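Report on the structure given below.
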Amino acid sequence: MEILVCIKQVPDDSVEITYDAEKNAPALDGVTDVVNAFDTYALEMAARFKESEGGEITVVSIGDDSVKNALKNCLAVGADKAYLVKTENAQALSAEGVAQALAQAKAAIETAENKKFDLVFCGKESTDYASSQVGIMLADELDAPVVTNVIAVEKADEGVDIKQETEEGYLLLHAAMPCVVTVQKPNYDPRYPTIKSKMAARKKPIEELAMGETAASVMDVLKVYGPKKREAGVKIKAESAEEAVAQAMALMTEAKVF
Amino acid sequence: MSLTDTKDIMVYAELSDGMPVNAVLEILAKARTLADARGEAVVALMAGAAREEAETALIQAGADKVIAVSTDGWHPEVYAEILKNTVESSKPALFLAAATQYGKDLTPAVAKAFGTACAVDVLDIQEKDGQFVFTCPVYGGTVLNDVVITQAPAVASVRSGSFSKAVDEARQGDIVRESAPAVDLKTIIKESVKEIAESVNLEEAEVIVAGGRGMGSKENFELVKELAEVCGGVVGATRPAIEDEWIPRSHQVGQSGKIVVPKLYIACGISGATQHVSGMIGSDYIVAINKDEDAPIFDVADVGIVDDAIKVIPLLIDAIKEIKA
């Protein structure tokens, strides 16, 4: 089974990113870059699929040299090969542009390695801009089936059975391969790298691909700003729980909460 | 394919149990205001098995016209095709849908088909120099972007709770019935499984009482449910509480769960990780109970009680019962 996993490097989502008025931009100084959380779930799901069905996992991303770090991290937790579509201007790409660049990268890797990918895994969204569109648009570029919000993928007959999480439970869908899935958090966590897997990852090459022509963005950002700041309210530290509740109830009644 | 001479606002009316979801009625109210200012019409597009009252509900909420397309059940590919076909024939200047799971799947398909773009999880829409300006949250809503889409139709998914409904029972409108196109399906739905018996409507809840890891056990989590019941609210939870199986994942608030905007949010034993806070920061009034006084949840709470939630909740239940009695 040949699997392609598309990943994005994003600022650490456990850090609260605020608006920096001086720079008129998100305050990203000192925030570590990580692999997008949903992409780590996608890679883990792909790794489990490979462990049961055999094959190889190739991971691909778009960006400058700094993104190689994210790709190295993927090589330490299940990916066999890594490719970077080299551009200094990844943030200027629209969702459609990213989808087109990934489709071109997929074709270029298939030619270079003389193989065809059976499955393409993406995260269901990124934790930074959360547009949740790239997987859907990539499938359109590839004229391939797509299933979103995926929590499980299994080989079935000549294709795959895919579980899509829904509000009330799940849909079980069947698709022929090649197909695209966008992954939601399944009920397991991604594996951690070991010292050995990290060492091995460091030795592996990251192949570079040239950025091709993509559709120009038709979305313009007019203004970047912060939401109305929430003021921290009253913090009650009382002698007893009874006293604390009485004080809290007084504040809530005053605010006409009840 | 690109569209020219676009006009009017089209709203995809997602149905649940045969009736439009609440977010659609909210969007129609905003669409009505925008359309009136432009001297244009609002068209609601509905697909699937609808109840008889659904069309009236859409017209009363702001639609001049309802296009009702009949289908043989739900399939995302069929619905995407219906949306694309209707946009192609009606040529709207703006296409809106609720930012639900399926709304967020269908809108990119529409945008891609017409070489335009899709604004996601939109919190506000304004018109400026003939263009629609969309307010979009980024980084979980701690930063906002105002964007315009320079190709028509502009496509956007709108977050529940962003606008208020404006029902006019006297409004009249036209109804057009169509049948679904034949679609060469790429995926087959083998099975639809309902795992969750109760329906959980966090997005539309006015009161949410949520619990986190600080509740300590499944037994203690019952206190959260009890408090929710007394408040007439819905139970929410953080990811750790879901992963410990104290409550089904349909109750999850935050990054991999729901974005909620209740009038009152009571956070019990919740530390306030950004992945959770990003889902509830839009609440009108936040009450937090946590024994760790440095817990970040207190930075966003209107009232914070520094104490053990397990001791505090029963007292709170009694106090609220007294007020409500």
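Keep in mind the model is a prediction, meaning the values are calculated, not measured. Letters A, B, ... are given to chains in the order of the sequence lines, protein chains preceding strands, and every chain is numbered from 1.
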Top contributor to chain B contacts, counting heavy-atom pairs under 4.5 Å, from A:A95, A:A25, A:G226, A:S14: A:S14

Side chain / backbone / both / neither for B:I323 at chain A, heavy atoms under 4.5 Å: side chain

Structural part of B:I242 lying under 4.5 Å from a heavy atom of chain A: neither

Chain A contacts, top residue of B:D318, B:D146, B:I286 (heavy-atom pairs, under 4.5 Å): B:D146

Taking every non-hydrogen atom, the tightest pair across A:M45 and A:A152: CE-N, 3.9 Å

Minimum heavy-atom distance A:G159-A:M177, with the two atoms named: O-CE, 4.1 Å

B:Y102 portion near chain A, given a 4.5 angstrom heavy-atom threshold: side chain

Part of B:A273 within contact of chain A (heavy atom distance under 4.5 Å): neither

No-hydrogen, no-angle side-chain donor-acceptor test under 3.5 Å, A:Q247 and A:E243: yes

Segment of B:V277 engaging chain A (4.5 angstrom heavy-atom cut-off): neither

Toward chain A, the part of B:V287 with a non-hydrogen atom under 4.5 Å: side chain

Interface moiety of B:E77 toward chain A, non-hydrogen atoms closer than 4.5 Å: neither

Part of B:E243 within contact of chain A (heavy atom distance under 4.5 Å): side chain

Contact class of B:I305 relative to chain A, heavy atoms under 4.5 angstrom: both

Heavy-atom pair count under 4.5 Å with chain B, highest-scoring of A:A232, A:A241, A:A244, A:P227: A:P227

Nearest heavy atoms of B:A117 and A:M219, plus distance in Å: CB-CE, 4.0 Å

A:K235 NZ: over 12 foreign heavy atoms closer than 6.0 Å: yes

Between B:Y79 and B:D105: side-chain donor-acceptor atoms closer than 3.5 Å: no

Contact winner vs chain B - A:N187, A:L173, A:T127, A:L251, heavy-atom pairs under 4.5 Å: A:L173

Chain B contacts, top residue of A:T182, A:V15, A:D140, A:T253 (heavy-atom pairs, under 4.5 Å): A:D140

Chain A contact via B:A113 - which portion, at a heavy-atom distance below 4.5 Å: neither

Toward chain A, the part of B:L185 with a non-hydrogen atom under 4.5 Å: neither

Residue selection (most heavy-atom pairs with chain B, distance under 4.5 Å) from A:I162, A:V224, A:V10: A:V224

B:Y139 side chain to A:D13 side chain, donor-acceptor N/O pair below 3.5 angstrom: no

